[in-house]
Amino acid sequence: MALIELVGVARHYQHGDIDVPALDGISLAIEAGEYVAIVGQSGSGKSTLMNVLGCLDNPTHGSFHIGGQDASQLRADELAALRRERFGFIFQRYHLLPHLDARANAALPAVYAGLGANARSKRAEALLTRLGLADRLHHRPNALSGGQQQRVSIARALMNGGQIILADEPTGALDSASGAEMLRLLGELNDKGHTIILVTHDPSVAAHARRVIELKDGRVLKDSGTPAHHSLPADAPQELAGTAQTGGLRRLQVQWREAVLTAWQALRGNRLRTALSMLGISIGIASVVSILALTDAARGSIEKDVRGFLSGRIPVWRGNPALPPGAVARSFRPAELDAIRALPGVKDVNVVRELQLTARHRARDAGVTAIGSDAQSLAARKLKLVEGRYFNALDQAGSAQVVVIDDKARKSLFKSGQPALGQTLLLTPSGLAAEVPGQPAAAGAALPMTVIGVVEPDGGGISLNFSGGQVLLPLSTFARKLDPRLDTDSFNVMLDFSVPPARVREQVIHRLKALHGVEDFDSWNAEEEFQKIQNVTAAMAALFAGVGAIALLVGGVGVMNIMLVSVTERTREIGIRMAVGARQGDVRLQFLIEAVVLCCLGGLVGVGLSWLGAQGINAVQTQLKVQVSWTALAVAFAVSSAVGLLFGTLPARRAAALSPVEALARE
Ligand code: ADP
Ligand code: MG
């Protein structure tokens, strides 16, 4: 069987209702190694025949065998494989990719054959050097003359072997010298065993061929036939050797690299457009990352510091803003506390030994909270010792007149740089204790206290103390010197969680109200408050999530739009890639990757934005430490990729569905 065999091949075009037979029953056989010119008037069907021969187009009728394979029965990817392995195309208008240099243009077919980048470049350089373009390897097509561009396209045709070279009017756009050179090269290739099929309307060009087929109205008018002395080439052309098909995995790797690189070039070539279409994605990703960072930070500060500090108890204190003016709130008696202790869900009742008083050091004074403290107080109040020492057993037993102050009290009482340890403070009971009738206690007497230590809030937690600072004294000192009353002004109800905290609080309020006759006290349920804070956090997260989702949707649609435009703009590029052997999957992959790269770039900018935002938030306040975590980065990457895949699918499918001939013909 001949290399190429057509029997009754027809190709009809549909012009509305009119059926145009561009090819109308063509039968011919071409042997390997022939040099055939196809001639005929314009519109006689030469290009259509060429496209069918080159597996760019399918005949509507008839059978078409190539190398013994029935090409009319092949699917798109199998046709692509035939183009890749057997054909090399040379077009009248070169059809080089404008953004690639000569070497990359020549090397293009090998990308789809799965040849590695180095091997590809080497082979392209060798071919271009043989064609006299050694000093033009890195010129782009617009920096090359027509003859040079046509030689690049010869190199491209030979890249994968080019057993059969199809040239449609190869000299049509060249000056006579370049045209002659072109014909000399084609003759040389034929001598080496390549089968050359050339389309021309120029008899002087056709004269170079060894066989002339003349078409008229889609039929063969004249065919000089295979020359009688024609001998088959001994071997496949030598060029085939270098491009043995590579394994699937390697091919995939090569394809990915090419697709990512092409995507990058395409995006770089359109910087403004790229930036604008990235915007929506950036905002969306910034929102998503911010949600994660903020929820993390909120959880960190609220749940770790405050919750650990206050959870499991309900503070109750004397006084209520709802009391009529002038009404005096009563303290809580030990018997009342016992009644609370007996309530279900209450583990214990801890009396808070605290007093607001005035501390004085030399000429400075400040309102501070004096706290009767035992060994657990530091941990319970989330304080850590930064200077000096804490109370020991001796201090407790002997009611020693020593204090440990926090950094806030230190700032209000000491000049900066002035040592606090060993200094004496004068504590003057004031405020509440002195005002309570029948509780004269230690009112008026200033107590000298020696500072033995300084504490600071541990772990940067939120300080819930709003006075001028905290002054800790041994519990025994507090009871003996400051507040000997058995009654207390505030206490903590410790929960055992057998009853919901809100229910316990209700009961405590109910019981105390019954005992006091009026609600002259107030309480605070940490659990409820945290629930509120969490609701606020959740609402904020939902808001951000909503903004993020909408931005991502809008951004995704924007990306899809831009990609569709890009497919339209680059239709010819797609045609060229398909002509040199790209599968539909390759084209799809290329555009899909471009969409994903675009979205991931947008995502990266989004992550950058939220990082900047986090730095801003951290700079203006210290209570919330916002950090963009690696998890957030991973989520951003995953979401961007997903958006790219989702919204890139339609453009990619559209690109892959293009027919090679139509894509090539599009201007
Ligand atoms: P040639 O290359 O010999 O000038 P063509 O093969 O390009 O001729 O065209 C042959 C006939 O088919 C012409 O009548 C042309 O109008 C028609 N034709 C070619 N391509 C198309 C197409 N894509 N759609 C409709 N008609 C076409
Ligand atoms: Mg034509």
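What you see below is based on every heavy atom in this structure, not just the backbone, and it leaves out hydrogens, waters and symmetry mates. Note that ligands are numbered from 1 as they come in the structure, with each ligand's atoms numbered from 1 the same way.
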Is a salt bridge present between [X] and [Y], judged by a nitrogen-to-oxygen distance below 4.0 Å?
X	Y	value
Arg103	Glu125	yes
Glu258	Arg577	yes
Arg570	Glu594	yes
Arg583	Asp77	no

Item checked: Residue-ligand contact Gly40/ligand 1, heavy atom below 4.0 Å -> no
* **Sub-2.8 Å protein N, O or S atoms surrounding the Mg ion (ligand 2)** =>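 Protein N, O or S atoms closer than 2.8 Å to the Mg ion (ligand 2): Ser47 OG.
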Is there a donor in the side chain of [X] and an acceptor in the side chain of [Y], or the other way round, less than 3.5 Å apart?
X	Y	answer
Asp70	Ser72	yes
Glu181	Ser178	no
Asn51	Arg11	no
Arg572	His95	yes
Gln255	Asp586	yes

Q: Using a 4.0 Å heavy-atom cut-off, say whether Glu662 meets ligand 1 through its side chain, its backbone, both or neither.
A: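 It is neither part, as no heavy atom is under 4.0 Å.
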Return the closest protein heavy atom for [atom] as residue, atom name and distance.
atom	result
atom 1 (P) of ligand 1	Gly43 N, 3.4 Å
atom 5 (P) of ligand 1	Thr48 OG1, 3.7 Å
atom 23 (N) of ligand 1	Tyr13 CE2, 3.6 Å
atom 12 (O) of ligand 1	Ala22 CB, 3.2 Å
atom 2 (O) of ligand 1	Ser47 OG, 2.8 Å

Here the atoms of ligand 1 under 4.0 Å from any heavy atom belonging to Ser42 are 4 (O)
For Gln41, the atoms of ligand 1 under 4.0 Å from one of its heavy atoms are 3 (O)
task: Return yes or no for this condition: an N or O of Val20 is under 3.5 Å from an N or O of ligand 1.
output: no
message = Can you confirm whether Gln41 is buried at CD, in the sense that more than 12 heavy atoms of other residues, nucleotides or ligands lie under 6.0 Å from that atom?
response =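 No, the 6.0 Å shell around CD holds no more than 12 heavy atoms from other groups.
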To atom 25 (C) of ligand 1, the nearest of His15, Gln14, Glu169 on a heavy-atom basis is His15
What one should report as the nearest heavy-atom pair of Leu100 and Asn105 is O-ND2, 3.0 Å
Ignoring hydrogens, tell whether any protein atom lies closer than 4.0 Å to atom 15 (C) of ligand 1; use the non-hydrogen atoms only.
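Within 4.0 Å: no protein heavy atom nearby.
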* Please assess Glu169 against His201 for the test side-chain hydrogen bond (donor to acceptor under 3.5 Å, both in side chains), listing each intermediate value before the final yes or no. => CA-CA 8 Å; Glu169 304 272 12; His201 61 271; 3.0 Å; yes
